[in-house]
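Have a look at the structure below before the remarks.
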Amino acid sequence: MTKRRKRVVVPGLAALAVVAVLLSAYTGATQQPDTVIKDRGSWGYSAGSSPQGRSPIQPIAFPHPTHVQTLGMNCLYCHFSANKSPDPGMPAVGTCMGCHLVIGPNRPAMNGRPARKSEGIATLQKYWAQKKPVPWVRIHHVPDYVNFAHMPHINAGVTCQTCHGQVQQMNRVYQYASLNMGWCINCHVGNVNPKWKARYDCSVCHY
Amino acid sequence: MSENPTPSGVRRREFLKILGAGGVATAAIGCSSDRVEKLIPYLNHPDETVPMVSNYYASTCRECSAGCGVLLETRDGRTFKLEGNPDHPLNRGALCARGQAAVQGLYNPDRYRGPMMRNASGRLVPTTWDAALKLLAQKLGAVQGSGRAGSALFLNRHESGSFPAFLDEWLAAYGMPAHLSVDPLADNAVIAANRQSYGVSWPWLAFSAARLIVSIGADFLDAWGANVPQQLEFADARARLADAPRFVYVGPRRSLTGCNADQWIACRPGSELAIANALSGRGSLDDAATASDVPVATLQALKAELTGTRPPLVLSGVAAGDAMELALVVNELNKQLGAVGTTVLPDRAITSFDGIATDADVNAAIDAMRAGQVPLLMIRGANPVFTTPRYVAVADALKKVPFKVSFSSYPDETAELCDLVLPDHHAIESWGDAQPMANVISVQQPGMAPVYDTRQTADVLITLAKANPGIASKFAAPNYMRWLIDRYPGGSTAFTLALEKGVGTGAVAASPAPRRPAVTPKAATPIGQTAGDMYLVVYPSAALGDGSGANKPWLQEFPDPVTKICWQSWVEINQQTAVKLGVDTGDILRVETAQGAVEAPAYVFMGIHKDTVAIPFGLGHTAYGRYAAGIGVNPGDVLPAGFDAKSGAFAWTATKATVTKTGAYTPIVTTEGSARQHGRGIAQALTVQELADLAAGREKEKVEAMPGMPNTEYLPGLRSPMAADAQGVVSSDIKHKEQGMYSPDHWSGMAKRRWAMTVDLARCTGCQACVTACYAENNIPTVAAPYQEVHTAFLHGVAGGNILKGREMNWIRLERYWEGGEDGGDFEARFVPMLCQHCGNAPCEPVCPVYATYHSPDGLNVQVYNRCVGTRYCSNNCPYKVRYFNWFGYGEPARPQYAWPERLSWQLNPDVTVRGKGVMEKCSFCVQRIREAEHRAKAEGRAVRPDEFTTSCAQACPSRAITFGDAADNDWTVAKLALDQRGYHVFQEQLNTFPAVVYLKKVNHPAPAASAGA
Amino acid sequence: MQGIVGVFRELDATVDAVHALKKLRAGNIDIYTPAPRHELEHILTHRASIVRLYTLIGGLAGATFGYWIPIWISDYWPLVVGGKPVPSWVPYTIISFELMVLIGSLATVAGLFITARIPRITMTVGYDERFSNANFGVWVECPPDKQADVTETLKQHGATEVRGER
Amino acid sequence: MATVTRPDEDVLRLGPNIPHANIQLPGVAEYEQVTREIQRTLYPTKLWFAGLSFAILCMLIGAATWAWQVYMGLGVAGYSPPVMWGVYIVTFVFWVGIGHAGTLISAILYLFRAGFRTTIYRCAEAMTVFAIMTAGLFPILHLGRPWKFFWLIPYPSWRLIWPQFKSPLVWDVFAILTYLTVSSTFLYIGLLPDFAALRDAEPRPLRKHIYGVLSLGWRNSELEWRHFARAYLFLAAFSTPLVLSVHSTVSFDFAMADTPGWHATLFAPYFVAGAIFSGIGMVFTIIIPIRRWFHLKHYVTLNHLDAAAKLCLFTSLVVGTAYLTEFFIGWIGGNSIEQSYWWNRVFGQWWWAAWVMLTCNCVLPLTLFVQKLRRNTTWLFTLSIFINLGMWFERFVIFDPSLSHEFEPWQWTRYAPTYVDWAILLGSFGWFTMWFMLFIKNFPVVAISEVKEIVPPRLRTPHPVEGIEVTGMHLEFEPETPGERD
């Protein structure tokens, strides 16, 4: 009966092939473990086409935690137009220098903390001296056929952290969300927070 | 670029918003753009700006002499759109096509990047400002030293306001005579006549007060006078429907103005004076009839109507040897008929044209050059080499001038001949003011930092003066802006206030210098006595004006409102004459006069007298950049330099010509398919009589459409089935459509809206300002520049090749249909703007295989560019044919068809995606403006207010024919207009498409006898 | 698995031989023929082929799937096109039909393969190249003790060659 | 030899089922001859290599032109809006139509038990598969963004934005893919026994091995034959409605649109008839040279061609009727837009195309009423070329004049294809011919086992009823009609 067994092989292989093909369509579904968003709602989507988790080196290692947590600055202090414009606004070098003219790179030892030299502030002051803007590297990026506006989101009460993650804790900012369309829709249909429901037909963002 | 976050899969769909030509340019201006991977912040943030939010700077348009008020929409350091200033008394928020195209002059790829100097080998080469100014100062010194300063010459493109005064002050300081203010388009004869009759150069023409308008060759809707205010007045007059004035146009050629007339009386060129005399009773009707080849009866009827109607408005605007005499007769006639004070308002005069030098003066100056009397020539803006007849040989005359300085921003024919070029700022980059009307100052402020290394001429002159110890004291102000503010009535506070509105009150500084001694111009020989078999009419092109518009692709691709031809010159010839000569449209004709000959394709046209041929002026540049050079022919080459002896106005219509068929042929580059409606009811009209019957419900309206069409009772519910259902207008046999967002009860409430538009054909004059506005707002590529052709042995490489294949991208187009006239008699022109109708039952939607187009709950027919795969099925299925396909990579800098070469891309609207190769696009009802308004309302925690915003076309329309809004909300104007009894939908009867665009029928005013009969 | 195979040149001879063998009750008989012949089909009285069941099931499955997919996806993205119902069954009938044909046919082929036990990796015993050309073959699976009689019968009815296989 | 014994009673009652009244293939004596003569055709010749290389050359020209088009954009083709569909869609429908005759002959005529199909159906069927393969290219290469064609296929994706299933184009995708799958399956199943026969008859070891693999271990056992017959029957039963549905679906691309000249309920049957008509034309174009060069005249006999020609004539009449109906309805419908469009199509701007179509499809085929011409292979071949031309023009006339003369007079236009359109059209013929060339020298162009079914088997004793002798073949060869030259 050896022949009979051999015969079985072929359909078996075929079946395996079919399964493999179907699965391969979802191969993109793997994500960086550290940046997986918990609640996907009913919208199965993958971050395969997304640079999620990307965390490039910036010209100045800007410490968000120091500014936000230690000094308690508000996001809108630097990203001043997030609530009144599609664009959140990058702080002008002048804005930084507003403080850092006073707060120099060399901090003397004071109330128990040792003296320290801050590379970042030094670099910043170099840029300011040369009257050059700081060439920050863009992290969060949507394709240009997507018209994303910050203003309505902020005004709807969506927190910065919802999409950008706990930036106040990131020593180097990384792309928190996949920024895929499925991810946007997931929130627009109210899966993340029913209060944030918004219209989700194509012409809201694509025009 | 390793850190580009977009994966290659996304990168391949490269139809990105090309904000700035590459990262460097963007970085230079600052703030973020999507193309650059770097986020470049400002160094110091300007206080009044918010990134990605537009600022509107009130300024003044300098494209023609009128001086309309504009708002410069500026974002992130770039002015990318011009809109009319609603607070401006002259143009009341409207703006013509030429004005809107100013941005393409600002970012023009062929602008001088900096000062140029002629080197030893005689070529213009870039130089530094210091070197250039040093050279000029030295030359000025030399001229002064030689004591010939008195015969130096400064030609300035005419603009009203303080600059002429400033200039004359400066010239006087150097001991030079007052400058010549050049405007080739100005009707010197009428201006002179008006001064004589009314004491003002251009009285306000109150069309809406008139009951009868008779225009003898005055093209007040084309380039005659201040066309935007005139068009506003005329449209308002026509909007009075039954009470609107009847309009009779007398002239050899039916211009756009003529096309808006109820009656066209075709006369021979040169016979206008005789007609005017006959009408005013000075001359006999019979002489007029014989001279003008018009039936006596017609003139008789017109005279009777003229004398019988109060108040009339008679205008004359011929450019012939007897122009001033004619204008005087007409003014006299107006006085007789009591028009002055009612329809002609000298006390509300337009002062924009004050101080224009007559053509004769310019000609005299040129003669002086030829005689070698001019030691130094300075030219700003003017381009005499192009605008004066070729045989005057300005080029040769210039050669006799030892040193020539041009302040032109563009490499035009004149600048190319100069020894030194000190490029001026574009108007959008410079300070200034204008005096469009008495006691009205229209201020001009820059919208952005200079694009190139240019300097405003006034500042250059001040710098020179300061460098000159002798006169430095006369110019204390550090720059022209300060100078303006010092002279400004009310000082800096008033000036600042004026800057906010764009207009202030008062009078600008007047020129101290005495006027030049009047010259006695060479009188033109009466046209009848010139040699040739056909009268030659040369008229300024509607889009290109005096040719200064020819370097702007929008204006080149702007189809002529009457003939619909673009990127080409043409010879208009009458139908019967064409049959006689065996000429067909496209046959190249040779038009020869004593001065020379031009060759251009024939355009067989009903609207021109049978003894006449006409050629538009403005094309045929030999320089002036990639968009202008080598396109078309310049009819100026064949004109004699004859003048109206009284006024010194140049006689454009001065000679006959011999017209012969060369046998060659070239296809006419036109956007016109069939010029007849074939009874399909696309552009519908009513006579006054029918309108009255309709109002009284006496007669069910007569609709021009095919048999078997139902009535138009659906009009109140022009809403789509969904929207109608949302308001319970339609009982719900369509409940099954109430899914999610489409349900009126849906939390988003989107289905409660229905964005819609009405187009009032009674107002529309077919000027096509809306077309250019749409190009500007929606990043529409121009497709027919010579360099955009595919140059192969198989495809023609002529300019306009893509338009020959019907590939123009005008999302909104003006269709011009002829009615009647097959027998060679009078005919009617109907204009209908055709754009995406945003149908409720859109035929284009169900055929798209990928949901790239669908119906949004608020009634938009949405086109999702990034979803489109380019099957083009939607276009096949669109009965209105308003969908446009990207046949080439117009948005891809790497492709030869790139539509926005270096710096033109700075004009792109950041809110609108630039479409890529192989994608379908169409009118979106300016969805970006809708979203912006919604976002603004949300930010302010309110609903969108009625009429809070409008589309680009509606905003620009100088006839106020287009209204946009939410038809489902009766507080919006559009909702009321949509119910007008003149309203109709195109093709609704045949196709049940439920369009969102309602057209209001045009109203015709037949001759009294005819209307009585009707 | 052992038996006798007989090679015939003529059709009627084959038929006679099979009849004789059936009388002999020697064992399972199978016939090889270059082209299907009704005579042979009738002699070996088998049940009708069950391929049609595969066809039926495949077709029904395809039709159902063809309706389900579009309707499900329309409700997933409820976008109105051309004022038509979001899930509209009329156009989806075409999808359904095409999928019925597609899956039905593939199921039929699968049915053929399974019932006819192909594809085979190796030839079974008793097969002879001539059978695909012009000759008929009769395969009798029989124990050694019966082989003599079978061989005799085959020869008797005109087998051009008879050989034992194992 | 052993002594002969009479068969039993039941055998006599049955009697060997031998084709009698209509002997199909007088020129074919016995089973060996079939195998031998078909296998003989599988030896490549110089002429064949020449033809193949020429086909490949044409294909490469087309491919290169397409690459250029993809780089530059569709503008290099002759599209002039609103004529948004041009030569590509015309050619697409043309090739789909070509495919249909194959399925008609192999499936529908199989159900109708039409005898003359047996020898020509293999070629026709192969033609179907390759024609569909060719047609399938065009919807992709006419796309503005061809690299996105897969958005028309409901593949599993995270966005789950799938095709818009109300669009006729999506119906097309399903119809064409189904048609391709089913018809190629049908072809392969039919080939199985032939592969087996070749496996056993082939002397060349490599081919022998390949045919062995392809035959999937087919061994001509009675069991296999029984299931095979049943499965083949059901496949035929499926293909029959399929072939009707596919071209109906293709016709919906146009009938579902509101374009005057497209929007007609007549389209489905009209397109199907046209498709079969054009397909039979193509069958003639293919089979006549093959039967001559492969010396298969006694398989594909003049009787077969005659019968096929009658079918061709019939479909031609159907198509002609459809044309007349269209014109008539366009006129009597009283819809001025339709009327003006029809006038423009037949007597206006596009008269030449319309009359080429009418001449080739309605006038010339009438000659087939004459039997002499039906049996004259030279004339049949010439006519088939005209039919192909005419049917291409039929599609051209239906599509482009309609688009160039629509509702909006302002957008009336002209249309002229450019070298790009023509090069890609040429490329499609190269592509098709390449596959067919490869087919005819590697696969049996005549179905071996099915031919054997209609060739009387060798008998030991004369048939009791028919009195056919043992030696098998006996009637003399049917004389050729003078029309056919060798």
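Chain naming here is simple, since letters A, B, ... match the order of the sequence lines and numbering starts at 1 in each. Just the heavy atoms: all of them, side chains too, but no hydrogens, waters or symmetry mates, feed the values below.
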Q | Derivation and outcome, side chain to side chain contact (heavy atoms under 4.5 Å, CB included), residues B/F888 and D/V76 | A | CA-CA 8 Å; B/F888 294 107; D/V76 294; 4.1 Å; yes
Q) Contact part of B/R816 toward chain D, heavy-atom cut-off under 4.5 Å: side chain, backbone, both or neither? A) both
Q) So how far is it from D/L143 CG to B/R872 CZ, rounded to the nearest 0.5 Å? A) 7.5 Å
**Q.** Side-chain touch B/P879/D/D258, heavy atoms, less than 4.5 angstrom
**A.** yes
Q.
Testing the basics here: between D/W410 and B/L814, what is the closest heavy-atom pair and its distance to 0.1 Å?
A. CZ2-O, 4.0 Å
Q. Side chains of B/N876 and D/F254: closer than 4.5 Å at any heavy-atom pair?
A. no
Q: Check the pair D/Y79 / B/R807 against side chain to side chain donor-acceptor pair (under 3.5 Å), numbers first and verdict last.
A: CA-CA 9 Å; D/Y79 293 109; B/R807 293 170 180 175; over 6 Å; no
**Q.** Side chain, backbone, both or neither of D/F150 within contact of chain B (heavy atoms, under 4.5 Å)
**A.** neither
**Q.** Closest approach of D/P409 to B/Y817 (non-hydrogen atoms, all atoms of both residues)
**A.** CD-OH, 3.8 Å
Q: Could you tell me whether the side chain of D/P168 reaches within less than 4.5 Å of the side chain of B/Y873, counting heavy atoms only?
A: yes
Q: For chain D, find which of B/R813, B/E808, B/R676 contributes the most heavy-atom pairs closer than 4.5 angstrom.
A: B/R813
Q) What's the spacing between D/H263 NE2 and B/N877 CG if we round to 0.5 Å? A) 9.5 Å
Q: Measure from the side-chain N and O atoms of B/R895 to the backbone N and O of D/G73, and report whether any donor-acceptor pair falls under 3.5 Å.
A: no
**Q.** Under 3.5 Å: donor-acceptor pair, side chain of D/S167, backbone of B/V847
**A.** yes
Q: Report the option among D/V173, D/D172, D/L152 that has the most heavy-atom pairs separated by less than 4.5 Å from atoms of chain B.
A: D/L152
Q. Side chain, backbone, both or neither: which part of D/T259 has a heavy atom under 4.5 Å from chain B?
A. both
Q) Do B/Y880 and D/Q411 come within less than 4.5 Å of each other through their side chains, counting heavy atoms only? A) no
Q) Given that the side chain runs from C-beta out, which part of D/Y71 has a heavy atom under 4.5 Å from chain B: side chain, backbone, both or neither? A) both
**Q.** Inter-residue atom distance B/K917.NZ - D/L74.CG, 0.5 Å rounding
**A.** 9.0 Å
Q. Who wins among D/K166, D/M256, D/R414, D/E406 for the most heavy-atom pairs under 4.5 Å with chain B?
A. D/E406
Q. Does CH2 belonging to D/W343 count more than 12 external heavy atoms closer than 6.0 Å?
A. no
**Q.** Inter-residue atom distance D/M84.CE - B/Y884.OH, 0.5 Å rounding
**A.** 9.0 Å
Q. Run the side chain to side chain contact (heavy atoms under 4.5 Å, CB included) check on D/E408 and B/R680 step by step: do they pass?
A. CA-CA 8 Å; D/E408 193 81 2; B/R680 298 187 181 186; over 6 Å; no
(Q) So does D/L169 get a backbone contact from the side chain of B/T871, meaning a donor-acceptor N/O pair under 3.5 Å? (A) no
Q) If only atom types and distance count, is the side chain of D/K148 paired as donor or acceptor with the main-chain N or O of B/G870 below 3.5 Å? A) no
Q | Heavy-atom contact with chain B under 4.5 Å, split by part of D/W262 | A | side chain
Q. Looking only at heavy atoms, what is the nearest atom pair of D/G78 and B/K805, with distance?
A. O-NZ, 3.8 Å
Q: Give the member of B/N886, B/L991, B/V783, B/V986 that has the highest number of heavy-atom pairs under 4.5 Å with chain D.
A: B/L991
Q | Stepwise side chain to side chain contact (heavy atoms under 4.5 Å, CB included) test for D/M72 and B/Q897 | A | CA-CA 9 Å; D/M72 287 298 283; B/Q897 289 82 14; 3.4 Å; yes
Q) Which atoms form the tightest heavy-atom contact between B/N866 and D/R145, and what is the distance? A) O-NH2, 3.2 Å
Q) So, does D/Q164 use its side chain to make a donor-acceptor pair with the main chain of B/C848 at under 3.5 Å? A) yes
Q: Evaluate the side-chain proximity of B/Y851 to D/P163: yes if any heavy-atom separation is below 4.5 Å, no if none is.
A: no
Q) Of the non-hydrogen atoms in D/W412 and B/S674, which two are nearest, and what is the gap between them? A) CE3-CB, 3.4 Å
